[in-house]
Q: 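Shown below is the structure under consideration.
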Protein chains: 2
Amino acid sequence: MLSERKQKVLEAVVREYISTAEPVGSRTLFRRHNLGVSSATIRNEMADLEEMGYLEQPHTSAGRIPSDLGYRFYVDNLMQANPLPEGEQELLRQVPASGITETDILLSQVSRLLSQVSNYISLVLGPRTDRGVLRTLKLVPLEEHVAMAVLFTDQRKVESRVLVLPPQVEPEDLEGLSRYFTRRLAGRPLEEITGELLTTLYLELLEDYCAKRDRLAELGQALVNWLAGGGRRVKVYTGGTQNILRQPEFQDLEKVRRLLALLEEEELLHKLLEREPGVTVTIGQENELPAVRECTVVTSTYSVDGEPVGVLAILGPTRMDYAHVISLLEYMAGCLSEAFANISVRRTVAMPKQKTAAKEPV
Amino acid sequence: MLSERKQKVLEAVVREYISTAEPVGSRTLFRRHNLGVSSATIRNEMADLEEMGYLEQPHTSAGRIPSDLGYRFYVDNLMQANPLPEGEQELLRQVPASGITETDILLSQVSRLLSQVSNYISLVLGPRTDRGVLRTLKLVPLEEHVAMAVLFTDQRKVESRVLVLPPQVEPEDLEGLSRYFTRRLAGRPLEEITGELLTTLYLELLEDYCAKRDRLAELGQALVNWLAGGGRRVKVYTGGTQNILRQPEFQDLEKVRRLLALLEEEELLHKLLEREPGVTVTIGQENELPAVRECTVVTSTYSVDGEPVGVLAILGPTRMDYAHVISLLEYMAGCLSEAFANISVRRTVAMPKQKTAAKEPV
DNA sequence: GTTAGCACTCTCGCACCGAGAGTGCTAAGA
DNA sequence: TCTTAGCACTCTCGGTGCGAGAGTGCTAAC
């Protein structure tokens with residue numbers, strides 16, 4: 001374990017480097033942080049910290065900068081969380097206050113706010129769609145030969161798609177199909193609804209429908225493809241990419257290029273944002289993706305109806321204002337969860353009696 | 001007008017500069033393009049061209065580079081269109097061949113292909129939604145207290161939104177509302193469907209429905225907000241942002257930053273992509289947006305059912321491979337239009353007889 | 001009108017140098 | 001034994017100077 005003085009020195013180095021982006025020397029530290037000892041002592045401590053792997057020296061006669069390990073120790077042991085500044089809180093309160101009900105617009109705004117406040121790159125992973133429980137699957141005739149398939153889950157999630165109908169499929173057929181699928185699938189978690197299951201169900205159904213078999217087959221296949229297919233991909237919202245260019249560690253164009261390329265690869269971003277609930281911090285080499293080996297990714301999950309369903313993240317240099325970013329993400333996750341709660345359908349659906357009862361006398 | 005020889009020299013300068021990115025001198029031109037005259041003559045012509053505004057000199061003893069005017073002349077008079085290379089054509093044919101029916105996925109792929117083939121930034125403006133003609137407006141009960149509103153137009157465009165129902169609204173009410181709105185609005189272009197019109201209709205309707213008036217009012221208002229509101233915004237897809245960093249003219253980080261910032265401003269991009277049908281080329285200072293004053297934007301519209309509804313664009317330095325980019329965009333627009341035609345609902349809807357008739361005997 | 005020749009200009013890369021910052025080591029002091 | 005002052009040493013960084021190279025503009029000859 002590190003002696004208390006070493007911890008103090010390490011903390012001072014990290015703080016100083018985060019705010020100046022310059023390698024910090026013992027003299028600077030001596031002048032600006034009063035550590036109670038001379039620069040020579042600090043120098044010795046810094047030499048020790050370097051040997052232990054917490055600091056690095058860009059070149060012999062430069063100051064030192066924290067290593068990934070140094071940041072890690074700082075985040076785990078030294079950093080103190082401070083609440084988000086009033087002004088920023090106010091800015092973020094827009095999200096639940098705005099009354100926006102479109103998930104898409106809501107998340108774009110969240111992403112924009114995150115990058116604006118943090119001055120780093122923001123990433124927002126949309127609510128996962130493989131969790132919810134199916135409630136209704138409906139085929140709605142729109143007009144002759146056109147119908148819409150609607151998938152409705154308990155997590156205020158609706159998906160729909162237009163289907164072109166084979167000739168001579170009747171509205172009753174659609175109703176029958178809707179009822180059948182809903183009856184057999186309602187209550188099942190979406191992740192269970194695989195291609196095989198659907199196909200099985202579907203074949204079963206066709207037995208009863210021999211007369212129209214051929215016509216329905218085509219339609220059913222389209223439906224199966226949709227439900228089982230990748231249609232349910234989760235979107236990633238990015239924002240503030242230009243912020244990265246303000247960071248002195250990203251003056252190297254090749255580095256920036258790699259990062260920009262990453263931001264266009266949705267699958268990689270998904271991988272990057274697969275995180276457990278709560279706040280996580282991944283520093284430099286701790287990251288699996290090579291493109292972010294010199295970056296830190298801080299994430300926080302947000303919830304809908306108490307269940308973590310999506311991820312907010314900040315991507316920046318390892319020299320990041322950790323305390324600020326963490327409280328920012330926590331606060332924003334709260335706001336977003338709140339915004340979702342405001343417009344939650346589930347609540348309304350799950351407890352209609354209560355709500356009706358409460359509202360009626362007014 | 002320019003003498004033929006001047007045109008030849010200008011063309012040679014543009015071609016040379018496009019491929020090397022270095023200011024071109026009279027000697028280089030003499031060596032690589034055989035213009036039939038000596039370097040001294042070329043030198044004189046170049047001096048003239050500079051005086052006329054077609055060329056510029058970065059500094060006294062450097063070669064020359066084309067000015068915006070020079071590029072303009074090149075594009076309008078000198079450049080010869082050549083067909084897209086086989087390999088690239090093949091790549092782009094994926095789009096109509098893939099069978100993808102989700103507009104969103106289709107356009108992401110188009111954007112990706114465009115940037116990949118061009119090595120510049122690609123922009124894709126989704127199909128405009130204010131054009132189509134409303135066919136059906138439907139309120140579909142999903143379960144108790146939850147319904148979905150569906151807007152269906154002739155341009156294979158469907159929008160939908162979940163509505164939480166006020167207590168004690170009956171499914172019949174929904175059907176009534178659907179029928180009423182559809183009857184009154186069907187056949188109208190979406191752009192005519194404004195808040196005022198809807199409100200008028202809606203008030204009219206309430207007359208007939210006095211009994212449930214209060215309950216329906218809330219629902220109707222939500223509907224009006226949706227239809228009249230900005231819900232129908234058109235998405236912009238971007239791709240290949242990292243390509244810009246490969247261009248020697250974008251080594252200046254501040255320039256890159258401004259461009260990246262622009263790419264996150266949807267409204268500005270909309271403005272940038274508001275173009276007339278066909279191919280347009282906007283060079284450097286011809287652009288209104290300051291952030292792209294050193295760039296060229298080439299656009300091409302694509303069509304659904306013969307009507308131009310969206311825009312493909314390439315954004316790159318003014319030193320751009322114009323001929324290639326133009327044929328790329330034209331070809332891609334064709335592919336995309338084709339892809340839309342494949343999945344067009346309108347065709348099926350508009351001419352069901354024909355299609356049915358043609359299909360039935362098979 | 002075209003071309004060869006030539007003097008002139010400007011950039012770019014390279015080496016050099018001195019200032020400044022920071023280190024490591026040593027020796028003296030507590 | 002730990003701390004500190006002092007000092008020599010190292011390394012970067014910005015500025016300067018210089019020569020090579022590329023290109024021009026001008027002049028005079030064809």
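As a basis for the values below, the full set of heavy atoms in this structure was taken, side chains included, without hydrogen atoms, waters or symmetry mates. Chain A is the first sequence line, chain B the second, and so forth, proteins listed ahead of strands; every chain is numbered from 1. Just so it is clear, the structure is predicted and the values come from calculations on it, not from any experiment.
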Q: If you measure only the distance, is there a donor-acceptor pair under 3.5 Å linking the side chains of Glu88(B) and His324(B)?
A: yes
Q: So does Asn34(A) have more than 12 non-hydrogen atoms from other groups sitting under 6.0 Å from CG?
A: no
Q: Using the side-chain hydrogen bond (donor to acceptor under 3.5 Å, both in side chains) rule, take Arg275(A) and Thr280(A) through it: C-alpha gap first, then chi angles, then the decisive distance, then the call.
A: CA-CA 8 Å; Arg275(A) 301 297 174 111; Thr280(A) 72; 3.0 Å; yes
Q: Under 4.0 Å, counting only non-hydrogen atoms across every strand here, what does Ala40(A) touch: a base, just sugar-phosphate, or nothing?
A: base
Q: What are the residues of residues 46-55 of chain A, sorted by number, that bring a heavy atom to within less than 4.0 Å of DNA chain D?
A: none
Q: For dC10(C), does either OP1 or OP2 sit under 4.0 Å from a side-chain N or O belonging to Thr60(B)?
A: yes
Q: Please give, in whole Å, the distance from dG1(C) P to Asn44(B) CG?
A: 11 Å
Q: Would you indicate which nucleotide in dT3(C), dT23(C), dT9(C) comes nearest to any side-chain atom of Arg64(A)?
A: dT23(C)
Q: In plain terms, say whether Arg72(A) and Asp68(A) are close enough for a salt bridge, that is, a side-chain N and a carboxylate O under 4.0 Å apart.
A: no
Q: Within this structure, what is the CD-to-C1' distance between Glu45(B) and dG25(D), rounded to whole angstrom?
A: 15 Å
Q: What parts of residues 15-36 of chain B reach DNA chain D, counting only heavy atoms under 4.0 Å away?
A: Gly25(B), Ser26(B), Thr28(B)
Q: For Gln57(B) and dT24(D), what is the distance between atoms CD and P respectively, to the nearest whole Å?
A: 7 Å
Q: Can you find a side-chain donor-acceptor pair between Gln247(B) and Arg319(B) that sits under 3.5 Å?
A: yes
Q: Does a salt bridge link Arg112(B) with Glu265(A), judged by any charged N lying under 4.0 Å from a carboxylate O?
A: yes
Q: In whole angstrom, what separates Ile42(A)'s CD1 from dA21(C)'s P?
A: 17 Å
Q: Select one nucleotide: of dA5(D), dT12(D), dG24(C), the one nearest the side-chain heavy atoms of His59(A).
A: dT12(D)
Q: Classify the side chain of Arg43(A) versus the base of dG22(C) as yes if they form a donor-acceptor pair under 3.5 Å and no if they do not.
A: no
Q: Can Ser111(B) and Ser122(B) be counted as having a side-chain donor-acceptor contact under 3.5 angstrom?
A: yes
Q: Angle between ring planes, Tyr71(B) versus Tyr322(B), binned at 30° and 60°: parallel, tilted or perpendicular?
A: tilted
Q: May I ask you to verify whether the side chain of Ser61(A) and the base of dT10(D) hold a donor-acceptor pair under 3.5 Å?
A: yes
Q: How about Glu264(B) and Thr241(A): does a side-chain donor come under 3.5 Å of a side-chain acceptor?
A: yes
Q: Does Thr41(B) reach a base, just sugar-phosphate, or nothing at all? Heavy atoms under 4.0 Å.
A: base
